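Notes for the one structure printed next.
These numbers were taken from a predicted model, which means no experiment stands behind them.
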Amino acid sequence: MKSAWILCAQGSEELEVVGVANVLRRAGIHTQLVSLEPGLEVQCARKVHLLADRHWQDGLPTPDVMVLPGGLEGTERQANHQGLRDALRLHQAEGKWLAAMDTAPVLTLQAQDLLPEGAQLTAHPGFHDRLPANGRQPDALVVMDHQHKLITSQGPGTALLFALAIVEVLVGEEAAQRIAAPLVIP
């Protein structure tokens, strides 16, 4: 069974966390909300409280994909989390997928020097000018870079499309289409 971690910190964008978790679980991907905070409860950007499935320090094998939701405070906390920085480097070295949306491509991945050279990507429109010019795709809602095993998207409104891209790379295009149909995505 494929697996995913959605890394939650105080200030994470709750729409991105919950929307992505919902779609991945519909696809049968073992999806865990992983708290980067001292406890399991995480207060998100709009003061919604989420209860994570596990804590960062629980020491399980890394998943097939690590998902970094946006939210200004949440991505700053991701960027300053030393254990996460090291785990993301190892995850990339193992050739596993990273998925980052909203502000996370810039404030987490780029800030930690984790964007591969030449990666194709997008981010929140307010951060497009901070992305590398040679890979920036400002008109794309979701970008799947198969060469670098990186999926990025623009923000909360793209959460379901972003999640379906993760489903596609982990389980296949047919599964993504099957999950998308009852979601009634325009």
Straight-line distance of [X] [atom1] to [Y] [atom2], nearest 0.5 Å:
| X | Y | atom1 | atom2 | result |
| --- | --- | --- | --- | --- |
| Ser12 | Arg46 | OG | CZ | 11.5 Å |
| Leu68 | Ile151 | CG | CD1 | 11.5 Å |
| Ser3 | Met66 | OG | CE | 9.5 Å |
| Thr108 | Leu88 | OG1 | CG | 8.0 Å |

So which of Asp64, Val67, Val171, Val142 actually passes side chain to side chain contact (heavy atoms under 4.5 Å, CB included) with Ile166?
Val67
Please report the closest heavy-atom contact between [X] and [Y], naming both atoms and the distance.
| X | Y | result |
| --- | --- | --- |
| Pro105 | Leu131 | CB-CD2, 4.5 Å |
| Gly118 | Asp145 | O-OD2, 4.3 Å |
| Leu109 | Ala100 | CD1-CB, 3.7 Å |
| Leu115 | Pro132 | CD1-CD, 4.2 Å |

Can you list everything that forms a side-chain contact (heavy atoms from CB on, under 4.5 Å) with Leu141? Sequence neighbours excluded, please.
Gln154, Thr158, Leu161
Please determine whether residues [X] and [Y] belong to a single hydrophobic cluster, defined as Ile, Leu, Val, Met, Phe, Trp and Tyr linked transitively by side-chain heavy-atom distances below 4.5 Å.
| X | Y | answer |
| --- | --- | --- |
| Leu84 | Leu33 | no |
| Leu72 | Ile6 | no |
| Ile185 | Phe162 | yes |
| Val20 | Val17 | yes |
| Val143 | Leu170 | no |

Considering only residues two or more places apart or on different chains, which pairs with a residue in residues 153-179 satisfy salt bridge (Lys or Arg N to Asp or Glu O under 4.0 Å)?
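As it turns out, there is no salt bridge (Lys or Arg N to Asp or Glu O under 4.0 Å) pair with a partner in residues 153-179 once direct neighbours are skipped.
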Only pairs at least two apart or in different chains count here, so list each salt bridge (Lys or Arg N to Asp or Glu O under 4.0 Å) that has a residue in residues 88-108.
Glu94-Lys96
Non-neighbouring partners of Glu14 that pass side chain to side chain donor-acceptor pair (under 3.5 Å), sequence neighbours left out:
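Applying side chain to side chain donor-acceptor pair (under 3.5 Å) to Glu14 gives none.
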For Arg25, give me all partners under side chain to side chain donor-acceptor pair (under 3.5 Å), at least two apart in sequence or on another chain.
Asp53
Taking [Y]'s backbone N and O only, do any of them form a donor-acceptor pair with [X]'s side chain (distance below 3.5 Å, no angle check)?
| X | Y | result |
| --- | --- | --- |
| His55 | Leu36 | no |
| Glu41 | Gly39 | no |
| His128 | Gln137 | no |
| His148 | Leu150 | no |
| Glu16 | Gly70 | yes |

Applying the side-chain hydrogen bond (donor to acceptor under 3.5 Å, both in side chains) test to Gln10, which of Gln43, Glu73, Glu37 qualifies?
Glu73
Any heavy-atom pair between the side chains of Arg26 and Leu183 that's under 4.5 Å?
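Heavy-atom side-chain distance check passes, below 4.5 Å.
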Within-4.5 Å side-chain heavy-atom neighbours: Gln92 and Leu98:
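The answer is yes, as the side chains (C-beta and beyond) meet within the 4.5 Å cut-off.
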Would you check if there is a donor-acceptor pair between the side chains of Glu76 and Asn80 at a distance under 3.5 Å?
no
Would you say the side chains of Thr75 and Thr103 form a donor-acceptor pair under 3.5 Å?
yes
Can you sort out the partners of His81 under ring-ring contact (aromatic ring centres under 6.0 Å, His included), two or more places apart, ordered by chain and number?
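Partners of His81 by the ring-ring contact (aromatic ring centres under 6.0 Å, His included) criterion, ordered by chain and then number, come out as Trp56.
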